[in-house]
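As a basis for the values below, the full set of heavy atoms in this structure was taken, side chains included, without hydrogen atoms, waters or symmetry mates. All figures in this text were calculated on a predicted structure; none of them were measured in a lab.
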Number of protein chains: 2
Amino acid sequence: MRLVMDKTDALTVAAERLFDTNGYTATGMDRLTQAAGMSSRTLYKHVGSKAALMGRVLAKRDRRFMQSIELQSVDALFSAIEDWIRTEGARGCLFLRSLAETGGETPEIAAAVTAHKTAFQERIHKIVAADLGHEDPVLADQILVLAEGATHAAVYRGVAAVSAARFAAGLLVDARR
Amino acid sequence: MRLVMDKTDALTVAAERLFDTNGYTATGMDRLTQAAGMSSRTLYKHVGSKAALMGRVLAKRDRRFMQSIELQSVDALFSAIEDWIRTEGARGCLFLRSLAETGGETPEIAAAVTAHKTAFQERIHKIVAADLGHEDPVLADQILVLAEGATHAAVYRGVAAVSAARFAAGLLVDARR
DNA sequence: GACAATGTAAAACGATCGTTTTACATTGTC
DNA sequence: GACAATGTAAAACGATCGTTTTACATTGTC
């Protein structure tokens, strides 16, 4: 485990913030090099291209988000989503946004999004199974929709959207217990 | 009522398609003029700027979407969302996407998104009230989250996401009846 | 302390961005 | 049929895009 961030990590962190708040296409390489304190030559030697940088950003975000939802109950899931939104803000899912921004035609981005959403679905299935004591794919699909809805309704409704999702999820889980 | 589309309408239709499938920032004005069969001079005389064009596109999409959900039951709402996705595809809400793409800093877009989401929320409250026979803001918030979730989960789960939302919505409505 | 590796700053690449202008043709109206 | 309005095609505006190159400084290793 590294105790300090090297320059490449710092670049990824800075890039995630810029892409998230300003959009992938609208963020220029000069803003990225400047924010990372790195020359463009070094940036290109390390990551190869803007699309590859976004691939790293999304892979890292996937790890970070997935770690924050290593949970055993549906209620804890929505609590974690609320925490995430409180600290990170709510601008909609960065994965879906960057996929749509690029028309699904940037391979590094498309691959990262598929990997993340597959992992996210599987995680929700596991959380539902742990909560209920058995698998329930039907309920898991409902919880997935609520989680995605909380993330996106929060853009204009704030954490109230997550509270509504959490309460609804509780009712749906109880209906299946 | 006009029976044929004039050139400005054709431009808005073409622009909606291009912005929706390729993203707002990634779509250049030359692709727009070409798709609309219109010189750039005429385009600028009519709409003023790219941001203003997007404002028109979003205003028109708002009207079209809102007309498609003039309904009196929650079940019919999700049926309409499923129809919409079957004919239009699912790339996530164009309003939220263009807002995020521009960092919320393009006035024409920010205004159109606020107007749309306010109207959307109000419509869901009305649909819930019509279905239940009385107002229920708590249920309406839950339905809003499910609708937003269906829209975005459908990007990778297809219409199955809408079916899951529809079924969950039925349970939540029954719990309040 | 030689030297390869790795970094920097800055210019340059060709392409494309949104927008305006030029020069002219087509249209609709009195 | 004169003439203002409205259209076109195409060049041009300055800015910026992602990426590469040049010329040189700093670093780490034997």
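Nearer the 5' end of DNA chain C, as judged by each residue's closest nucleotide, is the contact made by B/K50, out of B/R41 and B/K50.
A salt bridge (Lys or Arg N to Asp or Glu O under 4.0 Å) check over residues 35-57 of chain B, counting only residues at least two apart or in different chains, returns nothing.
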Dot-bracket pairing map - DNA chain D, Watson-Crick plus G-U, both contacts under 3.5 Å, | cross-strand:
||||||||||||.||||.||||||||||||
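Residue A/S40 is classed as a base contact, given a heavy-atom separation below 4.0 Å to a base. The residue B/G37 sits close only to the backbone: its heavy atoms come under 4.0 Å of sugar-phosphate atoms, none of a base.
Side-chain contact between A/H116 and A/L58 is absent, with no heavy-atom pair separated by less than 4.5 Å. Counting only heavy atoms from C-beta outward, the side chains of A/L53 and A/H46 never approach each other to under 4.5 Å. Side-chain contact between A/M66 and A/R123 is present, with heavy atoms from C-beta onward closer than 4.5 Å. Inter-residue side-chain proximity for B/L139 and B/V74 is flagged as unmet; no heavy-atom pair is nearer than 4.5 Å. Side-chain contact between B/D141 and A/R157: present, with at least one pair of heavy atoms (C-beta onward) separated by less than 4.5 Å.
Residues passing the ring pair (Phe, Tyr, Trp, His ring centres under 6.0 Å) test with A/F19 are A/Y24, sequence neighbours excluded. Qualifying salt bridge (charged side-chain N to carboxylate O under 4.0 Å, His left out) partners for B/R61, counting only residues two or more places apart in sequence or in other chains: B/E16.
With hydrogens and angles ignored, the 3.5 Å screen pairs a side-chain donor or acceptor of A/H152 with a backbone N or O of A/C93.
Of the residues in residues 24-35 of chain A, those lying under 4.0 Å from DNA chain D by heavy-atom distance are A/T27, A/G28, A/M29, A/D30.
Around CZ of A/R17, the count of heavy atoms belonging to other residues, nucleotides or ligands within 6.0 Å does not exceed 12.
In the 5' to 3' direction, nucleotides of DNA chain C lying under 4.0 Å from heavy atoms of chain B begin and end at C/dC17 to C/dA23.
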